[in-house]
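Heavy atoms only: backbone and side chains are in, while hydrogens, waters and symmetry mates are out.
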Amino acid sequence: MRQSSGYFPTLREIPKEAEAKSHILMLRAGLIRQLAAGLYTYLPVARRALLKIEQIVREEMDAAGAIEILMPTLQPDSLWKESGRWDVMGPELMRLKDRSDRLFVLGPTHEEVVTNLVAGELRSYRDLPKNLYQIQTKFRDEIRPRFGIVRAREFIMKDGYSFDVDEAGAAHSYQRMFDAYKRMFKRMGLTTMPVEADTGAMGGSHSHEFMVPAAIGEAEIVSCPHCGYQTNRELTPSCPIEETAAKQDSIPPIAEVHTPDLKTVEEVAAFLQTTPQQMIKTMVYTANDKPYVILLRGDHTINEAKVARAVGAPIEMASPEMIFQVTRAAVGFAGPVGLRDCEIWADHHVRTIASGVAGANKTDYHICNVVHGRDYQVNRWEDFRCVDPGDLCPKCRAGNLAMSWGIEIGHVFVLGTKYSKALGAYYTDPNGEQKPMVMGCYGIGVSRILAAIIEEHANETGIDWPVSIAPYHVHLLNLSLKNEAVTQTAEQLYTSLLNAGFGVVLDDRDERPGIKFKDSDLFGFPYQIVVGEKSLQNGTVELLIRSTNVKESISPDSCVNRIQEQFQSDMARLAAA
RNA sequence: CGGGGUGUAGCGCAGCCUGGUAGCGCAACUGCUUUGGGAGCAGUGGGCCGGAGGUUCAAAUCCUCUCACCCCGACCA
């Protein structure tokens with residue numbers, strides 16, 4: 001492609017709406033343009049990279065026995081009502097009507113549609129297993145689109161679905177996908193961490209998220225340097241405690257303290273000259289219109305997912321009205337002492353508090369010398385807190401947990417029979433019995449991968465594409481259009497590189513060298529060839545290998561061979577194990 | 001949804017407090033000079049100051065409403 005005739009709009013300045021590295025670079029290097037919140041146009045350079053990502057996904061999916069299809073984006077409401085998700089999904093499910101007032105959704109995912117498809121056509125155990133996938137634009141009306149393409153409302157996803165006769169078959173399908181994912185991400189030059197995702201709610205079945213470490217990551221990853229355990233912070237069980245507060249008989253009775261306007265644990269601890277560890281954090285949630293009071297140690301953070309699991313229903317933080325109803329106090333002064341007619345649940349670690357400080361259930365007052373058993377009772381002890389960095393690993397109980405951030409680019413999941421039962425995907429087994437298919441689903445954020453790659457492979461001056469998904473392999477700079485020898489050499493190189501099968505952008509614009517270099521750095525194609533008067537006088541052109549940042553002066557004639565050789569070794573490095 | 005911020009030329013911004021008919025840099029266009037890391041000089045074009053309503057002789061500026069985009073939060077007890 002000649003740069004003069006292509007579409008390569010680069011920006012000199014940082015657009016004010018962008019903060020994430022990948023977002024800034026994608027705008028500056030002319031990869032994307034925003035249409036509205038969470039909606040982006042992919043310009044040619046991004047489009048080419050996406051095609052390469054998709055190609056790798058297809059190759060590995062096909063190699064793993066999956067079969068590509070393409071399903072509609074628009075889906076009838078009936079399927080979603082059958083599966084029950086019409087009510088479960090919130091406003092992120094985009095609902096709309098057609099001209100005859102029929103309800104539809106813009107597909108955020110396709111479990112319903114595939115299951116409906118398969119339910120009509122796969123009837124025998126002989127037809128299974130099957131694994132169907134598609135690469136398609138999805139829509140989710142996200143609460144807050146973020147970081148450009150990382151969390152967009154419209155995005156490209158590979159979604160795959162497996163259908164097996166039983167759990168064992170599903171586990172096998174799952175493993176094949178897991179391995180295929182590892183291979184494709186490696187080929188794309190991405191560092192991924194497979195992270196255990198859901199251990200409880202899905203009945204202990206398998207689920208992994210593939211995370212790319214990144215500063216702007218949305219998910220907190222917990223990892224144990226000792227045993228290699230990796231999970232989402234939200235799902236990490238807290239290590240059971242050994243210590244309990246020693247029984248003390250000498251603790252004086254409860255004392256009330258005036259703490260005007262002091263609501264947070266930190267404020268109260270500072271005021272009373274105690275530590276957050278000695279405080280009982282009291283939080284009120286509601287589920288099914290009933291209040292649940294949860295006690296935590298003051299230095300701990302509540303894990304709402306764990307609370308919801310214990311309740312067995314979605315929970316919400318209580319409104320100030322509800323809090324007043326329960327505690328007879330303003331928000332910020334709740335405590336476990338004297339509460340009636342409500343469940344009081346506590347995190348295990350509250351047991352370490354011998355004599356605590358808590359809200360007095362009276363606005364602007366706290367109480368000291370609060371002793372469990374003496375002053376208040378707990379209906380249920382559970383693990384309700386988020387693990388913190390340095391906590392003991394719940395798996396090996398030897399290492400200390402570390403925390404990092406990551407972008408989730410893939411998710412593999414054993415679904416079980418939820419959708420097959422709801423939507424009637426049954427098969428006949430060898431004994432003539434009707435059984436629901438056991439499903440798995442496998443997602444990859446194709447467009448998000450683009451952002452993840454740039455997060456991992458870029459600096460402030462530009463992108464540094466892994467060869468396997470570089471939109472173009474070579475950026476060929478003609479530094480002096482007016483110089484015949486230079487132009488002739490550049491043109492010849494352009495032709496021979498194209499003939500050798502490389503993707504090449506020839507900068508044939510009538511611009512100054514500085515502009516060409518800056519744009520070239522922004523684009524960051526793996527190999528840069530500079531044809532200029534200076535070096536051509538010595539019969540050479542300059543080749544920059546971006547991955548090593550090494551510049552070579554070589555003769556124009558040897559250029560194609562040199563790049564071929566480099567390309568092969570670069571590709572070999574990315575080859576899946 | 002809550003909080004904060006921003007909307008003025010294609011991009012980045014000033015002007016707003018203290019009303020008086022719109023400006024800077026980059027980009028674009030023309031000419032000359034320049035030509036290995038975002039050139040110099042001279043000139044040209046480009047704005048419903050996000051939108052609506054109001055106050056006023058007069059509104060980018062003050063008031064009300066509204067729309068859009070961005071950031072933070074939704075872990076606060």
Side-chain angles (χ1 to χ4, degrees), chain A residues 9-20 23-24 27-28 30 33-39 90-92 143-148 216 220 233-234 259 261-269 276 279-285 291 293-296 298-307 315-320 322-324 326-327 329-336 347 357-361 363-364 366 384-386 388 461-462 477-483 486 507 509-522 528 530-537 541-542 544 551:
Chain A
T10 55
L11 302 176
R12 182 183 299 229
E13 291 177 86
I14 299 175
K16 64 174 174 183
E17 71 266 22
E19 275 189 1
H23 191 192
I24 291 170
L27 289 166
R28 290 196 58 212
R33 289 293 180 261
Q34 184 179 48
L35 176 66
L39 304 177
E92 68 268 21
I143 187 167
R144 176 141 98 90
R146 228 190 273 241
F147 304 135
I216 57 158
E220 284 181 286
R233 186 183 186 195
E234 220 183 30
T259 51
D261 279 332
L262 301 176
K263 294 178 184 179
T264 67
V265 165
E266 289 70 28
E267 286 167 358
V268 176
M279 300 202 41
I280 303 167
K281 185 148 79 172
T282 306
M283 304 182 63
V284 185
Y285 282 88
V293 174
I294 312 290
L295 309 182
L296 278 182
D299 58 324
H300 288 157
T301 303
I302 196 156
N303 185 322
E304 293 185 348
K306 290 178 179 176
V307 177
I315 57 162
E316 249 181 89
M317 231 180 319
S319 62
M322 175 68 101
I323 289 175
F324 186 81
V326 172
T327 67
V331 174
F333 302 97
D347 181 78
V357 174
N361 295 323
T363 302
D364 289 341
H366 278 76
F384 288 129
R385 64 179 278 257
C386 278
D388 289 316
T461 57
L477 309 189
N478 177 344
L479 284 198
S480 181
L481 289 182
K482 295 195 178 92
N483 183 307
V486 167
D507 192 346
R509 296 173 303 167
D510 185 14
E511 292 287 358
R512 302 170 63 82
I515 290 180
K516 299 196 176 201
F517 282 120
K518 291 289 185 194
D519 276 352
S520 187
D521 290 342
L522 257 184
Q528 178 196 65
V530 177
V531 187
E533 284 177 37
K534 273 190 185 171
S535 52
L536 203 57
Q537 277 167 4
V541 297
E542 285 149 36
L544 170 67
K551 263 186 201 165

Inset, instruction - Determine: side-chain N/O of A:Gln34 to OP1/OP2 of B:rA68, distance under 4.0 Å, yes or no. - result: no

Legend entry - Any donor-acceptor pair under 3.5 Å from A:Lys551 side chain to A:Glu542 backbone: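 No, the answer is negative, given that no donor and acceptor are paired below the 3.5 Å cut-off.
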
Inset, instruction - Answer yes or no: is there a donor N or O on one side and an acceptor on the other, between the side chain of A:Arg33 and the main chain of A:Leu27, under 3.5 Å? - result: yes

Can you check the [X] [atom1] to [N] [atom2] distance for me, whole Å?
X        : N      : atom1 : atom2 : answer
A:Glu304 : B:rG73 : CD    : P     : 14 Å
A:Glu19  : B:rG4  : CD    : C1'   : 13 Å
A:His300 : B:rA77 : NE2   : C1'   : 17 Å

Legend entry - Other residues, nucleotides, ligands: >12 heavy atoms within 6.0 Å of A:Ile14 CD1: no

Partner nucleotide of [N] by Watson-Crick or wobble geometry (both distances under 3.5 Å):
N      : value
B:rG2  : B:rC72
B:rC41 : B:rG31
B:rC24 : B:rG12
B:rU55 : none
B:rA60 : none
B:rG7  : B:rC67

Legend entry - A:Asp347 bridged to A:Lys306 by N-O distance under 4.0 Å: no

Inset, instruction - Decide, yes or no, whether a salt bridge links A:Asp519 with A:Arg28 under the criterion of side-chain N to carboxylate O below 4.0 Å. - result: no

Inset, instruction - Taking the side chain as every heavy atom from C-beta outward, state whether A:Thr327 and A:Phe333 have any atom pair closer than 4.5 Å. - result: no

Legend entry - Derivation and outcome, side-chain contact (heavy atoms from CB on, under 4.5 Å), residues A:Phe517 and A:Leu479: CA-CA 9 Å; A:Phe517 282 120; A:Leu479 284 198; 3.9 Å; yes

Inset, instruction - Please figure out whether A:Glu17 or A:Val284 has its closest RNA chain B nucleotide nearer the 5' end. - result: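 Result of the comparison: A:Glu17.
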
Legend entry - Shortest side-chain distance from A:Arg144, nucleotide among B:rC1, B:rC71, B:rC70: B:rC71

Inset, instruction - Would you state whether a donor and an acceptor, one from the side chain of A:Glu13 and one from the base of B:rG25, lie under 3.5 Å apart? - result: yes

Listing time: all N or O pairs from protein to nucleotides 35-39 of chain B that are below 3.5 Å?
{"residue": "B:rU35", "atom": "O4", "partner": "A:Lys482", "partner atom": "NZ", "Å": "3.2"}
{"residue": "B:rG36", "atom": "O2'", "partner": "A:Lys534", "partner atom": "NZ", "Å": "3.0"}
{"residue": "B:rG36", "atom": "O6", "partner": "A:Gly532", "partner atom": "O", "Å": "3.4"}
{"residue": "B:rG36", "atom": "O6", "partner": "A:Lys534", "partner atom": "N", "Å": "3.4"}
{"residue": "B:rG36", "atom": "O6", "partner": "A:Ser535", "partner atom": "N", "Å": "3.3"}
{"residue": "B:rG36", "atom": "O6", "partner": "A:Ser535", "partner atom": "OG", "Å": "3.3"}
{"residue": "B:rG36", "atom": "N1", "partner": "A:Glu542", "partner atom": "OE1", "Å": "3.4"}
{"residue": "B:rG36", "atom": "N1", "partner": "A:Glu542", "partner atom": "OE2", "Å": "3.0"}
{"residue": "B:rG36", "atom": "N2", "partner": "A:Glu542", "partner atom": "OE1", "Å": "2.4"}
{"residue": "B:rG36", "atom": "N2", "partner": "A:Glu542", "partner atom": "OE2", "Å": "3.4"}
{"residue": "B:rG37", "atom": "N1", "partner": "A:Asp521", "partner atom": "OD2", "Å": "3.1"}
{"residue": "B:rG37", "atom": "N2", "partner": "A:Phe517", "partner atom": "O", "Å": "3.4"}
{"residue": "B:rG37", "atom": "N2", "partner": "A:Asp521", "partner atom": "OD2", "Å": "2.1"}
{"residue": "B:rG38", "atom": "O2'", "partner": "A:Arg12", "partner atom": "NH1", "Å": "2.3"}
{"residue": "B:rG38", "atom": "O6", "partner": "A:Arg28", "partner atom": "NH2", "Å": "3.0"}
{"residue": "B:rG38", "atom": "N1", "partner": "A:Asp519", "partner atom": "OD1", "Å": "3.4"}
{"residue": "B:rA39", "atom": "OP2", "partner": "A:Arg512", "partner atom": "NE", "Å": "3.4"}
{"residue": "B:rA39", "atom": "N9", "partner": "A:Arg512", "partner atom": "NH1", "Å": "3.3"}
{"residue": "B:rA39", "atom": "N7", "partner": "A:Arg512", "partner atom": "NH1", "Å": "3.2"}

Inset, instruction - May I ask you to say what A:Ala18 touches in the nucleic acid, namely base, sugar-phosphate or nothing, with a heavy-atom cut-off under 4.0 Å? - result: nothing

